[in-house]
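Report on one structure; see the data block that follows.
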Protein chains: 2
Amino acid sequence: MHLKLHQNILQHIKMTEEEMILFDSYWTERVLQKGEYLLRNGELSITDNYVVSGALKAFYINPTRGTEEILFFAIEDWWATDLLSFNKQKPSNYTIQALETTHIIQIHRQAFQDMLASLPQLERYFRIILESYLGSLQRRIIVQNTMAAEERYHDFIAHYPLIAQKVPQYLIASYLGISPEFISRIKNK
Amino acid sequence: MHLKLHQNILQHIKMTEEEMILFDSYWTERVLQKGEYLLRNGELSITDNYVVSGALKAFYINPTRGTEEILFFAIEDWWATDLLSFNKQKPSNYTIQALETTHIIQIHRQAFQDMLASLPQLERYFRIILESYLGSLQRRIIVQNTMAAEERYHDFIAHYPLIAQKVPQYLIASYLGISPEFISRIKNK
DNA sequence: GGGAAAAATTGATCTAGGTCAATGGATATT
DNA sequence: AATATCCATTGACCTAGATCAATTTTTCCC
């Protein structure tokens with residue numbers, strides 16, 4: 001019973017209880033300890049992952065500067081997958097790592113195909129998820145291009161209060177493309 | 001015969017000639033004159049649009065500053081649609097306008113549904129397109145967060161030489177989140 | 001082809017936010 | 001509980017890139 005994911009799906013499409021039971025059979029639970037990797041830069045992503053609880057970070061490693069650049073955070077009810085790598089079986093461009101003990105449920109590539117074949121109404125759900133994510137990326141680009149660092153920080157806190165709570169400030173700084181010191185200064189006002 | 005789109009589709013999935021003839025029946029051609037709007041901020045997007053030739057810009061209007069912030073350009077073989085608006089029938093957040101005489105082919109919402117029902121293998125094509133776009137947005141966020149203005153400009157020229165050719169510099173500046181003056185200075189080196 | 005409008009360039013000046021280094025708190029590990 | 005590591009804060013200084021204003025160049029249009 002992957003209740004949290006059921007609820008998420010039912011917000012977008014209709015599924016009967018029997019269908020949900022079939023659905024569950026394709027997925028497995030997994031627990032990641034703090035610091036454990038879900039996916040590493042250069043590997044092929046073979047699972048699609050849904051976060052039930054905890055927190056993950058996804059980051060690029062900047063080869064020249066040697067720094068980690070946060071691409072996104074994933075907390076409960078978010079997906080944490082490199083879709084390009086998962087679908088096209090190309091090496092992943094980024095790394096996904098647990099920030100704390102994290103419960104996820106995951107599905108392997110082949111099981112994912114089988115599931116969509118047996119429950120085709122899920123195509124729609126996954127397209128909706130993709131589009132929502134796409135919309136949020138577009139919004140983020142505009143925010144980055146048009147808002148000052150301080151505005152961006154406040155915007156982040158307002159939009160993602162749960163993430164702001166559990167993620168250290170220097171990672172939020174990286175996500176926002178500003179320095180950790182500057183976030184300190186913003187807060188002291 | 002929407003040849004350019006056929007070629008694009010055949011790069012990703014298989015379709016027979018008969019299927020392509022059926023495919024074509026759902027689409028209509030349209031020509032936009034320079035300055036003409038394909039979609040305006042606040043409207044519902046009722047068509048999905050594929051650019052055959054010409055160039056379009058998509059931009060947010062920054063309400064406080066009153067400026068246009070470029071979200072993307074679309075030239076030949078690109079899609080130019082507000083997907084969130086098209087699929088969820090929500091008011092669009094941005095405006096799409098022709099930068100020069102532009103030939104597009106478009107499909108209405110209902111026709112799009114009908115087409116997917118009659119040619120279900122297209123689901124895959126559109127998912128691939130969506131994912132590619134997602135990858136490019138993720139890349140753009142990293143570039144914006146980690147590269148200096150000058151690097152970003154060179155990166156843009158290297159990745160999108162065709163766009164750089166036909167789009168005025170001050171719009172590229174907006175896309176990159178830098179000032180037009182600074183691009184001038186970059187070029188004089 | 002000539003005038004107007006739009007775009008690009010250049011110079012001068014200013015500032016948001018970075019960098020570096022030192023210090024101080026928290027957290028975690030034994 | 002003590003120590004080590006990680007993270008946040010603070011101050012001093014610096015620079016990438018913005019802004020503003022004045023030309024110059026290009027493009028458009030009758």
Side-chain angles (χ1 to χ4, degrees), chain A residues 32-36 54-57 59 62 64-70 73 97-102 140-157 163-189, chain B residues 32-36 54-57 59 62 64-70 73 97-102 140-157 163-189:
Chain A
L32 298 168
Q33 295 309 317
K34 179 171 178 172
E36 200 174 338
L56 303 167
K57 63 175 174 179
F59 57 95
N62 185 322
T64 52
R65 272 159 258 221
T67 52
E68 295 182 1
E69 313 291 349
I70 298 292
F73 302 108
Q97 188 181 16
L99 290 169
E100 58 186 54
T101 304
T102 299
R140 187 166 163 202
I141 285 169
I142 296 299
V143 164
Q144 271 177 331
N145 264 353
T146 61
M147 284 163 55
E150 182 164 355
E151 287 180 276
R152 270 182 278 151
Y153 177 70
H154 292 311
D155 181 80
F156 180 85
I157 300 297
I163 295 179
Q165 259 174 39
K166 48 169 74 184
V167 171
Q169 174 176 308
Y170 75 101
L171 291 177
I172 294 173
S174 168
Y175 176 94
L176 293 173
I178 62 187
S179 70
E181 290 94 334
F182 195 67
I183 291 192
S184 265
R185 292 181 226 274
I186 290 169
K187 292 199 299 188
N188 288 20
K189 291 212 202 173
Chain B
L32 298 168
Q33 295 308 318
K34 179 173 179 169
E36 200 174 338
L56 304 167
K57 63 175 174 181
F59 57 94
N62 184 321
T64 51
R65 274 158 254 223
T67 52
E68 295 183 1
E69 313 291 349
I70 298 293
F73 302 108
Q97 188 181 18
L99 289 169
E100 58 186 56
T101 304
T102 299
R140 187 169 164 200
I141 285 169
I142 296 299
V143 164
Q144 270 176 331
N145 264 354
T146 62
M147 284 163 57
E150 183 165 354
E151 289 180 275
R152 269 181 278 152
Y153 176 71
H154 292 311
D155 182 80
F156 180 84
I157 301 297
I163 296 178
Q165 258 175 41
K166 48 170 70 185
V167 170
Q169 172 176 310
Y170 76 99
L171 291 178
I172 294 173
S174 167
Y175 175 93
L176 292 173
I178 63 187
S179 71
E181 291 93 333
F182 194 67
I183 290 191
S184 264
R185 293 182 226 271
I186 290 170
K187 291 201 297 188
N188 289 17
K189 290 211 200 174

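Chain letters run A, B, ... following the sequence lines, proteins first, then strands; residues in each count from 1.
Remark: A:Y170 pairs with A:P168, A:P180 by the side chain to side chain contact (heavy atoms under 4.5 Å, CB included) rule, at least two apart or across chains. Scanning for side chain to side chain donor-acceptor pair (under 3.5 Å) contacts around A:K34 gives an empty result, with sequence neighbours left out. Residues that satisfy the side chain to side chain contact (heavy atoms under 4.5 Å, CB included) test with A:T101, not counting sequence neighbours, are A:V31, A:Q33. Residues passing the ring-ring contact (aromatic ring centres under 6.0 Å, His included) test with A:F73 are A:Y175, sequence neighbours excluded. In this view, A:Q144 and B:N145 satisfy the side chain to side chain donor-acceptor pair (under 3.5 Å) rule, not counting sequence neighbours. In terms of the side chain to side chain contact (heavy atoms under 4.5 Å, CB included) criterion, residue partners of B:I186 (sequence neighbours excluded) are, by chain and number, B:E150, B:Y153, B:H154, B:F182. Residues satisfying the salt bridge (charged side-chain N to carboxylate O under 4.0 Å, His left out) test with B:E69, not counting sequence neighbours, are none.
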Atom pairs, protein N/O to nucleotides 22-24 of chain C N/O, distance under 3.5 Å:
none

Is there any protein nitrogen or oxygen under 3.5 Å from a nitrogen or oxygen in nucleotides 20-24 of chain D, and what are the pairs?
from   : atom 1 : to     : atom 2 : distance (Å)
D:dC20 : N4     : B:E181 : OE2    : 3.3

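A heavy-atom distance below 4.0 Å to DNA chain D is reached by these residues of residues 165-179 of chain A, ordered by number: A:P168, A:Q169, A:Y170. For the segment residues 144-152 of chain A, no residue has any heavy atom less than 4.0 angstrom from an atom of DNA chain D.
B:S174 places a side-chain N or O within donor-acceptor distance of the main-chain N or O of B:I70, the cut-off being under 3.5 Å. A donor-acceptor pair is defined here as one N or O able to donate and one able to accept, closer than 3.5 Å; such a pair exists between the side chain of B:T146 and the backbone of B:I142.
Interatomic distance, NZ of A:K57 versus CD of A:Q97, reported as 4.5 Å (0.5 Å rounding). Note: B:I172 CD1 to B:I157 CD1 = 5.5 Å, rounded to the nearest 0.5 Å. Rounded to the nearest 0.5 angstrom, A:L99 CG and A:E36 CD are separated by 13.0 Å.
Taking atom OH of B:Y153 as the reference point, atom C1' of D:dA16 lies 18 Å away to the nearest angstrom. When rounded to the nearest whole Å, the span between CD1 of B:I183 and C1' of D:dT19 equals 16 Å. Rounding to whole angstrom units, CD of residue A:E100 and C1' of D:dC7 are separated by 16 Å.
Every pair passing salt bridge (Lys or Arg N to Asp or Glu O under 4.0 Å) that includes a residue from residues 166-180 of chain B is listed here, sequence neighbours excluded: B:E100-B:K166.
Minimum atom distance to the side chain of A:F182 is reached by C:dG18, of the listed C:dA28, C:dG18, D:dG17.
If you find the closest nucleotide of DNA chain D to A:P180 and to B:P180, the one lying nearer the 5' end belongs to A:P180.
Of the side-chain N and O atoms in A:K187, none sit less than 4.0 angstrom from OP1 or OP2 of D:dA8.
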